[in-house]
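Have a look at the structure below, then the notes.
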There are 2 protein chains.
Amino acid sequence: MGKKTVTIRDIAREAGVSPGTVSRAINNSPLVNPETRQRIIQVVKAFDYVPHRAAQRLSTGKTLTIAVIVPFFTTPSVTERLNGVVSTLAKTQYDLLIHNIEKPEQRANCFRTTPRRDRVDGVLVISISPTDEEVPLLAEADVPIVLIDAQHPDLKRLHQITVDDVAGGQAVTEYLIALGHTRIGFIGDPSDNPFNFTSSRDRASGYRRALTTAGIPYCPEYYAENPHGRREARESARKMLTLPERPTAIFAASDVQAVGVLEAARELGLRVPQDLSVVGYDDVEIAEILGLTTMRQMLFDSGQRGAELLLKTLENPETQPVHEVLPTELVIRDTTGPPPR
Amino acid sequence: MGKKTVTIRDIAREAGVSPGTVSRAINNSPLVNPETRQRIIQVVKAFDYVPHRAAQRLSTGKTLTIAVIVPFFTTPSVTERLNGVVSTLAKTQYDLLIHNIEKPEQRANCFRTTPRRDRVDGVLVISISPTDEEVPLLAEADVPIVLIDAQHPDLKRLHQITVDDVAGGQAVTEYLIALGHTRIGFIGDPSDNPFNFTSSRDRASGYRRALTTAGIPYCPEYYAENPHGRREARESARKMLTLPERPTAIFAASDVQAVGVLEAARELGLRVPQDLSVVGYDDVEIAEILGLTTMRQMLFDSGQRGAELLLKTLENPETQPVHEVLPTELVIRDTTGPPPR
DNA sequence: GCGGTGGATGAAACCGATTTCATTAAACCG
DNA sequence: CGGTTTAATGAAATCGGTTTCATCCACCGC
C-alpha cells in the first residue's frame, strides 16, 4: 500500500492554481476569490487532503502542541487533574504531549528540554514547583507556562493555579481540635524532596500553626514524613500508634496515606473513629468508598482552569500572569469523631 | 527575551564545518572523523543546541511521535496500562500523544484523523476494539497499530496484546462453583456499547460457559449489565440481592463494579464472605485495600509489551503481526468463601 | 609513480507548507 | 482615456533539518 501523501502541490495542480493560493484558501485568507476557494475546497475534499503537520509547524513556527509535565501520573489525584487538562484541550486542535516524571533526573531533563519554542507552544506543570534556579530557565524559554498545584513567588512570569495548603492543613487540624483532640498526629511526604513537592510541607505548616494557635505544644513524635505511599504511611502510623501515649487523631497529607493509617489502625485493633480519628486530603474516589473524612480540593477543575488559562495566554500573549487560588472544602464522613474517654 | 533559536547552521559555522557534517555527527553516522565529531559535540553542548523537531520530522518523514487512543483514562485499570506505555516510551525519544475518548463521536473522529503517516509513526489503542468497518481504514493508513486489551479477528494487519477474558471469566466462575456456590450473579458492562468494549462481554461468556459445564442453569435474573461505574453496579447488586432467592456469590466484571457490589451488601446488612462472596477483575490498588478476591491481569505489562511491540515494528516494519495473550491469576483474598448454610 | 579505493567532508537538493514580493488584470477616477 | 488603485494570483524565498552526490585527499597495491 504505497499510498503516497498528497501534498499541497497536488491540490494546486489539480485545481489549476498555485500552492500559495491553496494555502490561502484553506487558511481563510480574505485574499482569495470566493469561486477559486470553492473549487480548491472541492479538490481538497476529493483528495482527502490534510496539511502535513510538520511542514506547517516548520513554516509557521507554531507547534500546535502543549506539553504537560506531571509526576507519578497514576496517582489518583494527579490523574484527576490531568483529566481536567485533557478534556479541555480535546476541544481545541492542540496536541497534548505527556511527560511523566518518576525520577529526579527526569525532572531536570524535562525542564531543560521541553519548554522550547520549537517543541511546544505552552507548558502545563502539575504538582512540581520549580526551584529558584529553574524559574529563569523557564522564563527564558519564552514559552507560556502554567503551574497547577505548584507555586513560585515569581508571579511576574508564571501563571499559577493553587490551593492554599497551609490554610487547608490548618482547617483540618482546627476541626480535629474542635472535636476535642489534643494529641494529633501528622503523616506526610518528605518536606525536602527532589521533586520539590510542596503541598505536604504546606499542610504541615497549617497543622503546626493550628496547634500553636490552640496552645497545643507541637510534639515531634506525632509528626512523620515518608516517601509518598500507602505502605510507608502505614508503617509510620503503626509506630505512632504504639507510642506510650498514642495520638487520638491522625491527619494524613493525602487520602492515599490516610488509607495506610486506616490499615495500621485495623491491624492494631483500634476502632475508627471511636479510638482514632483519621482525616485525609484530596477527596479522591477511594475516600468516598471508605467513608474517609477528608479535605476536598477541586482536582478536575484545577486542570481545566490551568488549561483554559494557557489557551487564553496563547491567544493573547500579553496576558498578565495570574495566580488563582481554588477553594477547598472539608468533607466529614465516618472516620472522625471526638477522642476516646 | 528574543532568544533566537540556534540552528544547525550556527553550530556548523562555529565548529568550522558544514551543516551536513554536524547532522551526521549528532546522528552517529560512521562517516565522520572522531575528532571532528568531538569538536562538534563540544559546540553543541556549549550552545545547548537541540534539533528543531518539526524540521527533523519534515526532512526525515518520521514524526517521532506515537499516539495512544484510550477511553476514560482516569479509570484505574486504564491508567495502569497507560503507565506501562508511558514508562516504556520515556526511554526512547518518541513523543507520546494522548487521545482520550469519552464519547462515541470522539472515537470515530479519532480513528479517522489520528493514524496518518504525517502525524504519527505508530498508534496504540487501549481497550477499544475496532469494528469491521474501521479495520480497513486503519490498515489503509499504513501506520503500525497495536491493540492493547482490544481485539479484532483480522490478525493479518493488527498487533494485539490481549487477555483471554473468556477463560478468565470461566476460571472465576469455576472457582465459585468449586466453593459450593450455585446461585452466582454476574454484573458487567453493556455487551453492546458504542465503544465496542469487549472484555465484559467475554468474561460473561466465560461465566456462562462455566455454568453450563457444571450443569447449573443460567438464570437471567442473576445477570445484569450497566454502564460502567460503581454506583450503577451497586444498584444492580441491590436488585439482585433482594430477589426472593438471592445469589450467594456475585462476580463483577471489574474491581470498580465489585466495590459497588460490596457497598450494596453492606447496605443490605449482608456479611462478606459469610452471606455473600464477591469477586472482581483487574486487581487494581483498591482491590488490595479492600481485600477483594479478584482476577489479576498484568495491566502495566500489557502497556509495556504493547509499546515494545510497536517500537520493534517501527524499527523493523516487516515484523509479522503478533497476537500475544497475557496470563491472568486469581488472587484470593477475604471476600470469597463457601456459600451460607 | 600512477590508477584505484575509500574515508571525510562540503555543496546543494529536498521535505511540504507559509508568506513575502512581484505581477497581472480589472476597476475606478478625474 | 491615461493613470492609479486594488483584488487575485503566481513565483520564489523560507523554515531547519537530512541526504545524496560530488569532491578531495590519503593511502594502497602494483
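All of these numbers come straight from a predicted model, not from anything done at the bench.
Nearest heavy atom pair, residue B:Ala67 against residue B:Val120, reads CB-CG1, 3.8 Å.
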Atom pairs and distances, donor-acceptor, side-chain atoms in residues 308-315 of chain A, under 3.5 Å, two or more places apart:
| from | atom 1 | to | atom 2 | distance (Å) |
| --- | --- | --- | --- | --- |
| A:Glu308 | OE1 | A:Arg305 | NH1 | 2.7 |
| A:Thr313 | OG1 | A:His159 | NE2 | 3.1 |
| A:Thr313 | OG1 | A:Leu309 | O | 2.8 |

Which atom pairs, one a donor and one an acceptor, fall under 3.5 Å between side chains of residues 34-43 of chain B and the rest of the protein, sequence neighbours left out?
| from | atom 1 | to | atom 2 | distance (Å) |
| --- | --- | --- | --- | --- |
| B:Arg37 | NE | B:Ala25 | O | 3.4 |
| B:Arg37 | NH2 | B:Ser29 | O | 2.6 |
| B:Arg39 | NH1 | B:Ala15 | O | 2.4 |

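Side-chain contact between B:Asp95 and B:Arg53 is present, with at least one heavy-atom pair separated by less than 4.5 Å. Residues B:Gln160 and B:Val322 are not in side-chain contact: their nearest non-hydrogen atoms beyond the backbone lie 4.5 Å or more apart.
Residues satisfying the side-chain hydrogen bond (donor to acceptor under 3.5 Å, both in side chains) criterion with B:Thr79, sequence neighbours excluded, are absent altogether. Annotation: ring pair (Phe, Tyr, Trp, His ring centres under 6.0 Å) contacts of A:Phe72 (sequence neighbours excluded): A:Phe195. Partners of B:Tyr94 according to the ring pair (Phe, Tyr, Trp, His ring centres under 6.0 Å) rule, which considers only residues two or more places apart in sequence or in another chain, do not exist here.
The separation between A:Gln56 atom CD and C:dC15 atom P is 18 Å, rounded to whole Å. Here D:dC15 presents its C1' atom at 12 Å from CG of A:Asp118, a figure rounded to the nearest Å. Rounded to whole Å, atom C1' of C:dA17 lies 16 Å from atom NZ of A:Lys62. Atom CZ in A:Arg57 sits roughly 13 Å away from atom P in C:dA17 (whole-Å rounding). For B:Arg39 and C:dA8, the CZ to P distance is 14 Å, given to the nearest whole Å. Rounded to whole Å, atom P of D:dT14 lies 17 Å from atom CG of B:Leu58. Protein atom NE2 of B:His52 is 17 Å distant from nucleotide atom P of C:dA17, rounded to whole Å. Spacing between atom CG of A:Leu64 and atom P of C:dA17 amounts to 14 Å, rounded to whole angstrom units.
For the segment residues 25-35 of chain B, residues with any heavy atom less than 4.0 angstrom from an atom of DNA chain D are, sorted by number, B:Asn27. Contacts between residues 14-21 of chain A and DNA chain D, counted as heavy-atom distances below 4.0 Å, involve A:Gly16, A:Val17, A:Ser18, A:Thr21. If you check residues 42-50 of chain B against DNA chain D, the residues with a heavy atom closer than 4.0 Å are B:Tyr49, listed by number.
Under the 3.5 Å distance criterion, with hydrogens and angles disregarded, no donor-acceptor pair is assigned to the side chains of A:Thr5 and A:His52. If you check the side chains of A:His228 and A:Asn193, you find no donor sitting under 3.5 Å from an acceptor.
A distance of 7.0 Å separates CZ of A:Phe197 from OG of A:Ser127, quoted to the nearest 0.5 Å. Taking CD1 of A:Ile66 as the reference point, atom CD1 of A:Ile98 lies at 12.0 Å (rounded to 0.5 Å).
Contacts of B:Thr60 with the nucleic acid, taken as non-hydrogen atoms under 4.0 Å apart, involve only primed sugar atoms and P, OP1 or OP2. Within the nucleic acid shown, A:Arg53 has no heavy atom closer than 4.0 Å to any nucleic acid atom.
One end of the helix from C:dG1-D:dC30 to C:dG30-D:dC1 points its axis 50° away from the other end's axis, with each axis taken from 5 pairs and the angle rounded to 10°.
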Q: For each nucleotide in nucleotides 21-28 of chain C, reading 5' to 3', give B when a protein heavy atom comes within less than 4.0 Å of its base, S when such contact involves only the sugar-phosphate, and - otherwise.
A: --------
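Crowding of B:Asn316 atom CG: a count of heavy atoms from other residues, nucleotides or ligands under 6.0 Å exceeding 12. For NZ of B:Lys45, the number of neighbouring non-hydrogen atoms (other residues, nucleotides, ligands) closer than 6.0 Å is 12 at most.
Within the structure, a side-chain polar atom (N or O) of A:Ser23 is placed less than 4.0 Å from OP1 or OP2 of C:dT18. Residue B:Thr36 places none of its side-chain N or O atoms closer than 4.0 Å to OP1 or OP2 of C:dA8. Contact annotation: B:Thr7 does not reach the phosphate of D:dG16 (side-chain N/O to OP1 or OP2, under 4.0 Å).
Screening residues 145-159 of chain B for salt bridge (charged side-chain N to carboxylate O under 4.0 Å, His left out), with sequence neighbours left out, gives B:Arg81-B:Asp149, B:Asp154-B:Arg157. Pairs engaging residues 56-68 of chain B under the side chain to side chain donor-acceptor pair (under 3.5 Å) rule: B:Arg57-B:Thr65, B:Thr63-B:Asp121 [sequence neighbours left out].
Under the side chain to side chain donor-acceptor pair (under 3.5 Å) test applied with A:Arg107, the options A:Glu134, A:Glu102, A:His99 reduce to a single match, A:Glu134.
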